[in-house]
Amino acid sequence: MQFEVWAPDAETVGLRTADGTQSMERDATRPGWWTALAEAADGDRYGFSVDGGPVHPDPRSRRQPDGPDGESAVFDQNAYVWRNEWPGRGLPGAVLYELHIGTYTPAGTFDAAAERLGHLAELGITHVSLMPVCPFPGTNGWGYEGVSLWAVHEPYGGPAGLKRFVDAAHGLGLGVLLDVVHNHLGPSGNYLPAFGPYFTDTHHTPWGSAVNLDAPGSDEVRAYLLGSALAWLRDYRLDGLRLDAVHALADSRALTFLEELSTAVDTLAADTGRPLSLIAESDLCDPRTTAPRESGGLGLHAQWNDDFHHSLHTALTDESQGYYADFAAAPLAALSKTVTSAFFHNGTYSSFRGRTHGRPVDITRTAAHRFVGYAQTHDQIGNRALGDRLAASLSPGLQACTAALVLTGPFTPMLFMGEEWGARTPWQFFTDHTDPQLAEAVRNGRRREFGAHGWAEEEIPDPQDPATRDRSCLDWSEPEREPHTRMLAWYRELIALRRVMPDLRDPDLATVKTAFDESARWLAYRRGDLRVAVNLSGKPATIPLGGGRHRSGGGRVLAAWEPVEAPGADGLLHLPPESCVVLADD
């Protein structure tokens, strides 16, 4: 088979296989590329040596059986026989579910997670959104310090395991999205600089030198990232990618990397006949992220909406630290604004940033499904000092209100694993660095960070302690007992309602109308012929909804957390404390 590697500054490059080391030849048609022919079969180890240096893994390795520091292995992409034909599934009408393979089950493997996919199909989920699966040091970690961007973490089950998982999901009607990290690589096991200018000091990021998207040599670096993204979608039949922190992609070129990526993915979608989605995590509150390329946008298909999360979180918890400060002064007003306008910061002043932030969304032209709405994510739980979920501090009633706002709102809803039954297990920050100095630096850094905010350092879980990961695994016995059983039934009811009621999938943000009372802590909104009301107060609320389309009454109750009657002729809804209801006009 032919081996190839890009090493533009090398004088010599060697290929090492089981048969020894042989010299590679320059490719006459591709500057900077080296090639060699050698006998190799599926599973055979190999690596490259630049200018007589140590043997490193292939930057485009498809398999790292011994982790990021080991040699690469040949992987036959055609060996797996797919069992399920899959037409694909787009984002309109979707319900997403963020899942971490390493803690979804105690076993922490693709195969173990696949055995639990029936739960998600029964729940009504349409897409599983996997956290990163590229190789990282050790066994356990979040995945955001991955390296070898074309390979799959071996302890999860490697590339064959990912294919089995995707195939099983498709067999149940579930799409699969994958979180990919292009803005940085992990600090350990990253050998890309040995081969070429994959990073540049032209820009700096919180993780050090930036990935080279615009300096000399960046054409090949961009091709490396584009090729990796397309390989996930093509070779593993994934339905889309979640792009981590795109605001951290330093790119000054006229044609940005994200435009190139969205163009390439749209082309692949047309070629395969399957809808493929790119979902950005962005801190910019910029509608150009998802605007069509022909209109000057980046052409991505959706973006996470942290403004919705922040306003909802402050309304539920009264927290006001950090970025929550911008939303805490009037959280229900902020929530009302995001539900109708997508962004809270749309050119408004941000006290957290000390400047104005964001840009307005044209709600008459931008479909609501292009924004992903959520109450909890891996970031918003795991980056807390103790990794505590909302269920650790909210009553079941407030959790039910949270579910109603996420699942009946205008955005594409997303749940974090276990949220659907009010999981009490924390989801904490954990690592498994094999470098003792790096492990100690991460441990001490985490404790110093939260110690500066008033936490006793000994209270902060040790990321390197295996018990921290173990505590973060879902407890699958919880859904079998109260109050979790009732909560799971409520989530199922709301998702089923979203599926059968077109008004709850209406992409027109301009038709969403809201009312709220900040002091009484209630909020209501209309979506077509449906109305949703939540009472976040510990006292009963009387909510003036009006008489509905037919002024003789307020319609009928479709779903309610506590027993409640539809409004009478006076249009007044009497809602119990910490409760919610979905109503339909007669």
Side-chain angles (χ1 to χ4, degrees), residues 96-117 119-120 128-146 153-157 161 165 178-179 181 186 242 244 309 313 374-394 399 414-434 438-439 442-447 449-450 455 457-481 484 487-488:
L96 312 184
Y97 188 93
E98 190 181 23
L99 187 156
H100 177 258
I101 289 294
T103 51
Y104 188 59
T105 66
T109 65
F110 291 121
D111 290 339
E115 293 177 2
R116 294 286 185 178
L117 287 176
H119 163 80
L120 301 184
V128 180
S129 184
L130 296 179
M131 289 175 61
V133 301
C134 288
F136 54 84
T139 300
N140 300 312
W142 283 17
Y144 292 93
E145 294 184 337
H153 193 49
E154 198 73 15
Y156 287 170
F165 178 89
L178 177 64
D179 197 337
V181 184
R242 183 260 191 188
D244 183 64
H309 169 272
H313 188 89
Y374 38 85
Q376 302 181 78
T377 70
H378 75 273
D379 267 333
Q380 303 300 342
I381 301 171
N383 284 327
R384 297 173 67 84
L386 302 180
D388 50 311
R389 297 167 178 261
L390 287 176
S393 57
L394 298 186
Q399 293 175 59
M414 184 178 74
L415 312 180
F416 182 71
M417 61 179 196
E419 175 185 342
E420 69 273 20
W421 69 71
R424 297 292 176 85
T425 48
W427 203 75
Q428 299 176 333
F429 179 69
F430 52 89
T431 56
D432 195 14
H433 290 299
T434 53
L438 181 57
V442 170
R443 178 186 296 115
N444 293 335
R446 182 83 174 173
R447 289 173 172 169
E449 175 187 356
F450 287 102
W455 290 87
E457 292 191 7
E458 63 271 14
E459 294 180 5
I460 306 304
D462 178 0
Q464 285 287 120
D465 185 347
T468 304
R469 176 265 173 185
D470 294 344
R471 282 192 298 270
S472 301
C473 292
L474 288 178
D475 178 357
W476 283 92
S477 71
E478 282 187 332
E480 300 172 3
R481 59 182 185 270
H484 307 288
M487 189 63 64
L488 179 57

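Bear in mind that the values here come from a model prediction, so they are computed numbers and not experimental data. In what follows, residues are counted from 1 in the order of the sequence shown. Because only heavy atoms are used, hydrogens play no part in the values below, and waters and symmetry mates are left out as well, while side chains stay in.
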Would Thr377 and His309 satisfy side-chain contact (heavy atoms from CB on, under 4.5 Å), going step by step from the backbone distance to the final call? CA-CA 9 Å; Thr377 70; His309 169 272; 5.6 Å; no
For the residue pair Ala391 and Gly422, what are the closest heavy atoms and their distance? CB-O, 3.6 Å
Begin with the C-alpha distance, continue with both residues' side-chain angles, and end with the deciding distance and a verdict on side-chain contact (heavy atoms from CB on, under 4.5 Å) for Leu415 and Gln376. CA-CA 7 Å; Leu415 312 180; Gln376 302 181 78; over 6 Å; no
If you take all heavy atoms of Glu145 and Pro137, which pair is closest and at what distance? O-CD, 4.3 Å
Determine whether Tyr104 and Phe110 satisfy the following criterion, side-chain contact (heavy atoms from CB on, under 4.5 Å), listing intermediate values before the conclusion. CA-CA 10 Å; Tyr104 188 59; Phe110 291 121; over 6 Å; no
Closest heavy-atom contact between Asp388 and Ala392? CB-CB, 4.1 Å
Any side-chain heavy atom of Leu117 sitting closer than 4.5 Å to one from Val128? yes
Thr431 and side-chain hydrogen bond (donor to acceptor under 3.5 Å, both in side chains): which partner among Gln464, Arg443, Arg469? Gln464
Partners meeting side-chain contact (heavy atoms from CB on, under 4.5 Å) with Pro461 (sequence neighbours left out): Leu386, Gln428, Thr468, Arg471
Beyond-backbone contact of Ile101 with Met131, side-chain heavy atoms, under 4.5 angstrom: no
Are Trp427 and Phe416 near enough that their ring centres are under 6.0 Å apart? yes
With heavy-atom distances below 4.5 Å as the criterion, would you say the side chains of Arg242 and Leu178 are in contact? no
Check: Tyr97/Glu420 side-chain N/O donor and acceptor closer than 3.5 Å: yes
When the ring centroid of His100 is compared with that of Phe430, is the distance short of 6.0 Å? yes
What pair of heavy atoms forms the shortest contact from Leu488 to His119, and how long is it? CD1-CE1, 3.9 Å
Going from CG on Asp470 to CG on Asp465, what distance comes out if it is rounded to the nearest 0.5 angstrom? 8.5 Å
Kindly determine whether Met417 and Leu474 satisfy side-chain contact (heavy atoms from CB on, under 4.5 Å), including the steps that lead there. CA-CA 8 Å; Met417 61 179 196; Leu474 288 178; 4.1 Å; yes
Rounded to the nearest 0.5 angstrom, the SG-OH distance for Cys134 and Tyr156 is 10.5 Å
Closest approach of Thr139 and Asp432, non-hydrogen atoms and distance? N-OD2, 2.6 Å
Any Lys/Arg nitrogen of Asp379 or Arg384 sitting under 4.0 Å from an Asp/Glu carboxylate oxygen of the other? no
Determine whether a donor-acceptor pair (N or O, by modelled atom type, separation under 3.5 Å) exists between the side chain of Arg447 and the backbone of Glu458. no
Scanning both residues in full, the closest heavy-atom pair of Ile460 with Arg446 reads CG2-CG, 3.8 Å
Using modelled atom types only, decide if a donor and an acceptor are shared between the side chain of His484 and the backbone of Trp421 within a distance under 3.5 Å. yes
Scan side-chain atoms only and decide if Thr109 and Asp111 contain a donor-acceptor pair under the 3.5 Å cut-off. no
Decide if the gap between the ring center of Phe429 and the ring center of His378 is smaller than 6.0 angstrom. no
Can you tell if the side chain of Phe165 reaches within under 4.5 Å of the side chain of Leu130, non-hydrogen atoms only? yes
